Student: 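Before I ask anything, here is the structure I am working with.
Just follow the structure's listing: the first ligand is 1, and inside any ligand the first atom is 1. Everything numeric here is computed off the predicted structure, so don't read it as measured data.
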Amino acid sequence: MPRIIYITSDEQRFEIEAENGATVMETAIRAGVPGIEAECGGACSCATCHVYVDPSFAETLGGAEAMEADMLDFAWEPAPNSRLSCQIKVSDEMDGLVLRIPVRQS
Ligand code: FES
């Protein structure tokens, strides 16, 4: 199972074994990682699951699709490496993926 690493805004590190096919949002919520609110439950309509993707995984993950990119406009301090964690599905090639959680959600 791939390991996903979440780093909170106060530098707490959570290394979680994730199930393939789950989203990294679901993985974080199940594991009790703080800072991801996911108010819409993964419907890509709240932007409260915002994370920053480590640049070394940019190519593996690819970019946000149009609907996600539109929602990211509502995220707290979006950056070029911003993604909505409910739109990232875990797969083996994501082993070691590092996601930073912003200081607050929108
Ligand atoms: Fe609402 Fe991701 S959980 S946009």
Side-chain angles (χ1 to χ4, degrees):
M1 290 207 288
R3 291 165 306 115
I4 309 295
I5 297 152
Y6 301 87
I7 300 175
T8 64
S9 59
D10 60 354
E11 299 298 325
Q12 291 183 75
R13 181 184 168 100
F14 296 83
E15 196 166 320
I16 311 293
E17 297 221 329
E19 279 180 36
N20 281 330
T23 67
V24 293
M25 176 277 277
E26 292 164 338
T27 303
I29 298 287
R30 280 188 207 134
V33 175
I36 294 180
E37 296 170 9
E39 285 173 6
C40 77
C44 197
S45 59
C46 74
T48 63
C49 64
H50 175 208
V51 293
Y52 300 109
V53 174
D54 188 277
S56 64
F57 278 86
E59 202 170 304
T60 304
L61 265 57
E65 296 201 356
M67 188 173 155
E68 180 186 350
D70 286 348
M71 278 313 301
L72 278 167
D73 289 341
F74 298 96
W76 174 256
E77 296 191 347
N81 61 335
S82 289
R83 291 290 308 270
L84 295 178
S85 59
C86 69
Q87 301 301 302
I88 303 172
K89 280 209 171 144
V90 175
S91 61
D92 283 336
E93 59 268 26
M94 290 180 196
D95 187 40
L97 170 65
V98 177
L99 300 171
R100 287 191 165 269
I101 300 170
V103 68
R104 58 172 282 197
Q105 297 290 347
S106 57

Student: For a quick test of reading the model, state the closest non-hydrogen atom pair linking Cys86 to Thr23 and the distance between them.
Tutor: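 Distance-wise, the nearest heavy atoms are O-CG2, 3.3 Å.
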Student: With salt bridge (Lys or Arg N to Asp or Glu O under 4.0 Å) as the test, would you mind laying out the steps for Arg3 and Glu17 before giving the verdict?
Tutor: CA-CA 4 Å; Arg3 291 165 306 115; Glu17 297 221 329; 6.0 Å; no
Student: Only heavy atoms of Cys86, strictly under 4.0 Å: list the atoms of ligand 1 that pass.
Tutor: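 Those of ligand 1 that fall under 4.0 Å from Cys86 are 2 (Fe), 3 (S), 4 (S).
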Student: Please report the C-alpha distance between Arg100 and Glu11 in whole Å, then the side-chain angles of each, then the deciding distance to 0.1 Å, and finally whether the salt bridge (Lys or Arg N to Asp or Glu O under 4.0 Å) criterion is met.
Tutor: CA-CA 9 Å; Arg100 287 191 165 269; Glu11 299 298 325; 3.2 Å; yes
Student: For the CD atom on Glu19, are there more than 12 heavy atoms of other groups (residues, nucleotides or ligands in this structure) within a distance under 6.0 Å?
Tutor: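 No.
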Student: What closest approach, in Å, do Cys46 and Ala38 show between heavy atoms, and which atom pair accounts for it?
Tutor: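 Looking at all heavy atoms of both residues, the shortest contact is SG-C, 4.2 Å.
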Student: Kindly confirm whether atom 1 (Fe) of ligand 1 is within less than 2.8 Å of some N/O/S atom in Cys46?
Tutor: yes
Student: Which ligand 1 atoms, with their elements, are less than 4.0 angstrom from a heavy-atom of Ser45?
Tutor: 4 (S)
Student: If you count the atoms of ligand 1 from 1 in the order shown, which ones are under 4.0 Å from a heavy atom of Cys49?
Tutor: 2 (Fe), 3 (S), 4 (S)
Student: Which ligand 1 atoms does Cys44 reach within 4.0 Å, using its non-hydrogen atoms?
Tutor: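 With Cys44 as reference, the close atoms of ligand 1 come out as 4 (S).
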Student: Counting each atom of ligand 1 from 1 as listed, which ones have a heavy atom of Ala47 under 4.0 Å away?
Tutor: 4 (S)
Student: Restricting to non-hydrogen atoms, name the atom on Leu84 and the atom on Ala47 that form the minimum distance, rounded to 0.1 Å.
Tutor: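 Answer, listing the atom of Leu84 first, then Ala47: CD2-CA, 3.7 Å.
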Student: Taking both backbone and side-chain atoms into account, decide whether Cys40 has an N/O/S atom under 2.8 Å from atom 2 (Fe) of ligand 1.
Tutor: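 No, since none of the N, O or S atoms of Cys40 sits under 2.8 Å from atom 2 (Fe) of ligand 1.
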Student: Could you tell me the residue and atom name of the protein heavy atom closest to atom 3 (S) of ligand 1, and the distance to it rounded to 0.1 Å?
Tutor: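 Of every protein heavy atom, Gly42 N, 3.3 Å lies nearest to atom 3 (S) of ligand 1.
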Student: Would you tell me whether Ser82 and His50 have side-chain atoms, one donor and one acceptor, within less than 3.5 Å of each other?
Tutor: yes
Student: At a threshold of 2.8 Å, where the distance has to be below it, does atom 2 (Fe) of ligand 1 have an N, O or S atom of His50 nearby?
Tutor: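 Coordinating: no.
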